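These notes concern the structure reproduced below.
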Amino acid sequence: DSNIFSHLRAWNVQRPMTVMEEVSPKTLSGEPSSHSDFDRTKWGGMYDDDDDEVATEAGTEAGTDVGTEVETCSMADSAISTEPPDNSRGMVIKSQADQLFKSGMLKEAAQAYTLALRDMPTNATLFNNRSLVFHRLGKFELALADGASSAKMLTRNVEASVDDKWIQTLAKAFYRQAAALSGLQRHKQSVNMCRKGLKVQPNEHGLTAMLRKGLDHIHTAESLAVLWTNQILEAETPALMSTRDGKILKPVHPEEIRLGKAGLTQHLKQVISGRESETRNQVALSYSLGKKLLRHQMAAYRAWAYLEAECPEQALKDAKLAVAWSKTKLNPDGWERALYIQALALEQCDEKTDMHTIELCPIGQDDRKYALHCSTTTAGVISMRRAFELNPDNEDFVVQLKRMVRKLPEDQRKVLLTEGADGLVDYLEEEKWKNAPECLKPRPKYYYYYEWMKDRIYEHFPELPGPVMDKLLSTDASELDLLLQYPQAIKGQTEEYLEVYRKEGGKYLQTYRTPTLSWDEVKAMKGAGTTGLALGYNAPGEGHLAGEKDTNHALVGGGGDGRLTESERLGLPAATTLPPDMLRDRDHVTAATEKHHQRLLEGKVDSAEGGRQAAILASAKNAALEAANAKQFLTDQMQQGSGDLDGID
């Protein structure tokens with residue numbers, strides 16, 4: 001160790017020696033100095049290279065501005081070195097340098113890091129650490145040179161070195177250069193260096209803090225306006241290898257209203273003035289992600305510029321895009337400033353153009369099947385209210401909302417103030433369908449069928465429990481329609497459900513089943529006009545008559561074989577008759593009706609006590625008796641009057 005200083009003086013380290021010449025040999029030989037009182041035996045091996053964290057030291061100058069900046073940078077130092085890990089001499093000197101720095105002995109630490117570089121000349125962490133020491137000493141040019149050397153060394157052999165440690169060390173190299181440039185008051189270059197580091201490690205809070213500091217120094221309203229103008233114009237340029245009109249933003253059409261660079265800068269300066277801090281934050285947000293200005297930011301600021309230029313239609317297009325592009329899973333409501341610009345654009349469209357209504361909620365939004373339209377004024381107030389809800393402390397939003405809300409009708413104003421923007425949208429939706437014609441109102445499937453059936457049921461039973469009504473409506477449509485045609489039938493069915501409901505409750509009623517109407521029940525309700533056959537009936541020869549009657553070809557439209565019948569050939573007068581199939585059906589109906597009535601009169605139909613079937617059969621029996629009595633009465637009357645035709649009245 002006694003020869004370390006002589007080796008240092010003999011080695012051309014490519015760095016000025018003004019700092020190191022002032023260091024005494026005793027400082028690097030291991031003897032205690034007046035600056036600190038630590039033991040030489042504790043120097044070596046105190047910190048492993050993986051745990052090296054010079055940026056979080058507790059040195060004597062930790063309270064300075066630069067020290068605070070360094071402490072905010074949480075990037076760990078990593079030794080990207082081609083030397084073997086057991087290079088004990090270089091690592092021992094590095095550990096001694098770390099201890100010197102932590103003890104506030106900055107000049108000695110700088111010289112020790114230089115000695116360590118003698119043995120490990122490709123260790124980027126040593127350059128970063130020495131850059132920090134030079135920064136603390138106020139030697140910003142030297143700090144900048146060391147940071148640049150570290151970055152150059154790391155990027156020289158990228159393919160073989162890229163890993164997490166490489167990323168952290170390279171990001172810290174850019175941070176050290178940015179801090180040095182900030183110390184030299186070269187803030188614009190400092191911002192650019194931070195952007196390089198954030199591309200390597202996005203959202204690193206130390207680089208982000210340094211970036212914001214640089215932006216605070218260089219970005220006035222005018223410089224911010226120039227920045228946004230350049231980014232917007234670049235976004236409008238045609239994209240190579242693409243059919244899109246612009247890389248990010250579609251150029252404004254028609255060209256007559258398109259703003260040039262000077263006009264765009266002038267209008268942006270007007271809107272940014274007084275809002276410099278917010279605009280810088282937006283720039284820092286995009287830069288911290290390792291990107292240029294984000295797409296929704298450029299669309300919003302272009303909309304703002306065209307709003308100042310009194311082109312509300314173009315402003316509205318860009319503002320709507322900005323709102324849509326700013327929505328994410330983490331921020332589903334969008335960017336409040338874009339909503340603010342959209343609100344002002346809607347207001348201008350209502351005042352200066354013929355656009356007085358707008359689609360507030362398109363089809364598909366929130367699973368909508370129908371679009372919702374409203375006045376542009378109402379849509380503007382809703383947009384401003386959403387911006388206010390996202391950031392109620394913004395003075396712009398408060399002032400404009402108070403002014404715009406006065407334009408709403410009284411009922412809408414009350415809803416907006418009490419229930420917010422979403423409440424007003426729901427209110428507008430209700431009003432829309434309340435005043436719409438019935439044929440246009442959205443209804444669920446079978447809505448009108450159920451409403452019709454309810455009205456028919458209420459004619460018989462004005463008050464029914466909900467479960468009973470639901471049970472009746474779940475009946476087969478044709479069966480329910482048939483029951484409703486006969487009061488006794490629907491009465492019996494309803495009373496059956498009511499009794500089950502009273503005894504077992506609604507849940508049991510849902511699973512309660514009644515047999516489908518039997519053929520006998522259907523015939524009992526329909527009476528003599530019933531046609532068809534019972535299920536399972538398969539009589540032999542069904543569909544054929546034993547003696548086929550002569551067919552009147554003229555009556556059936558020439559449906560035979562085209563020849564005349566015998567009566568027609570002879571020219572004899574023939575009474576008009578029905579076709580054979582209709583004659584057959586008539587005969588069957590007549591025979592079945594008479595047989596059915598006879599069975600009813602004889603009391604041969606089995607019926608259960610109570611319920612639907614009993615009610616139906618009892619009603620049918622009474623009807624059959626009344627019909628038989630009426631038929632007998634008519635027969636008697638005809639017989640009594642048959643002999644009076646030759647007499648005197």
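None of these values were measured; they are calculated from a predicted model.
- Summarising the local packing, CD of E351 is surrounded by more than 12 heavy atoms from other residues, nucleotides or ligands at distances under 6.0 Å.
- With a 4.5 Å cut-off on side-chain heavy atoms, L227 and T279 do not count as touching.
- Remark: K320 does not engage E359 in a salt bridge, criterion side-chain N to carboxylate O under 4.0 Å.
- Taking CG of L215 as the reference point, atom OG of S277 lies at 10.5 Å (rounded to 0.5 Å).
- Counting only distance, with no hydrogens or angles, the side chain of S383 and the backbone of G380 share no donor-acceptor pair below 3.5 Å.
- Contact annotation: the side chain of Q266 never approaches that of K269 to less than 4.5 Å [non-hydrogen atoms, C-beta and beyond].
- E276 places a side-chain N or O within donor-acceptor distance of the main-chain N or O of G274, the cut-off being under 3.5 Å.
- By the 4.5 Å heavy-atom criterion applied to side chains, I232 and L268 are counted as neighbours.
- Proximity of a side-chain donor or acceptor of S190 to a complementary backbone N or O of A178 within less than 3.5 Å is detected.
- Defined by atom type and a distance below 3.5 Å, a donor-acceptor pair is present between the side-chain atoms of D350 and T376.
- By the 4.5 Å heavy-atom criterion applied to side chains, H187 and D216 are not counted as neighbours.
- Considering every non-hydrogen atom in both A124 and T169, the closest pair reads CB-CG2, 4.0 Å.
- The closest side-chain donor-acceptor pair between T229 and T265 falls under 3.5 angstrom.
- Considering only heavy atoms from C-beta on, Q314 comes within 4.5 Å of R302 through its side chain.
- A cation-pi geometry, defined here as NZ or CZ lying under 6.0 Å from the six-membered ring centre and within 45° of its normal, holds between R337 and Y340.
- Residue T208 comes nearest to S288 through the heavy atom pair OG1-CB, 3.7 Å, listed as atom of the first residue, atom of the second, then distance.
- The closest donor-acceptor contact from the side chain of R186 to the backbone of S182 lies at 3.5 Å or more, if one exists at all.
- Here the shortest heavy-atom pairing between A345 and L307 reads CA-CD1, 3.7 Å.
- Distance alone, capped at 3.5 Å, is enough to place a donor-acceptor pair between the Q297 side chain and the L294 backbone.
- Side-chain N or O atoms of Y175 include none that pairs as donor or acceptor with a backbone N or O of G147 at under 3.5 Å.
- In this structure, R130 forms no cation-pi arrangement with Y113, as its terminal cationic atom is not both closer than 6.0 Å to the ring centre and no more than 45° off the ring axis.
- Proximity of a side-chain donor or acceptor of T155 to a complementary backbone N or O of A151 within less than 3.5 Å is detected.
- Within the structure, every pair that satisfies the ring pair (Phe, Tyr, Trp, His ring centres under 6.0 Å) test and touches residues 226-281, not counting sequence neighbours, is listed here: W228-Y301.
- The minimum heavy-atom distance between A171 and Q201, with the atom names listed, is CB-OE1, 3.5 Å.
- Counting heavy atoms from C-beta outward, N128 and L126 have side chains that stay 4.5 Å or more apart.
- You'll find the side chain of M384 reaches within 4.5 Å of the side chain of L344, heavy atoms only.
- Enclosure of atom NZ in K407 by more than 12 non-hydrogen atoms of other residues, nucleotides or ligands within 6.0 angstrom is indicated.
- Counting only N and O atoms by type, the side chains of D164 and Q168 include no donor and acceptor under 3.5 Å apart.
- Applying the salt bridge (charged side-chain N to carboxylate O under 4.0 Å, His left out) test between K352 and each of E313, E347, E310 identifies E310 as the sole match.
- Taken from CG in L259 to NZ in K261, the straight-line distance is 14.0 Å, to the nearest 0.5 Å.
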side-chain contact (heavy atoms from CB on, under 4.5 Å) between V92 and Q96, intermediate numbers included: CA-CA 6 Å; V92 167; Q96 294 172 352; 3.6 Å; yes
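- Listed for the E204 side chain is no donor-acceptor partner under 3.5 Å among the backbone atoms of G197.
- Under the side chain to side chain donor-acceptor pair (under 3.5 Å) criterion, K327 pairs with no residue, sequence neighbours left out.
- Put simply, the side chain of S326 never gets that close to the backbone of G334: no donor and acceptor are under 3.5 Å apart.
- Side-chain atoms of S103 do not come within 3.5 Å of backbone N or O of M105 as any donor-acceptor pair.
- In this structure, the side chains of V133 and L100 stay at 4.5 Å or more apart for every pair of heavy atoms.
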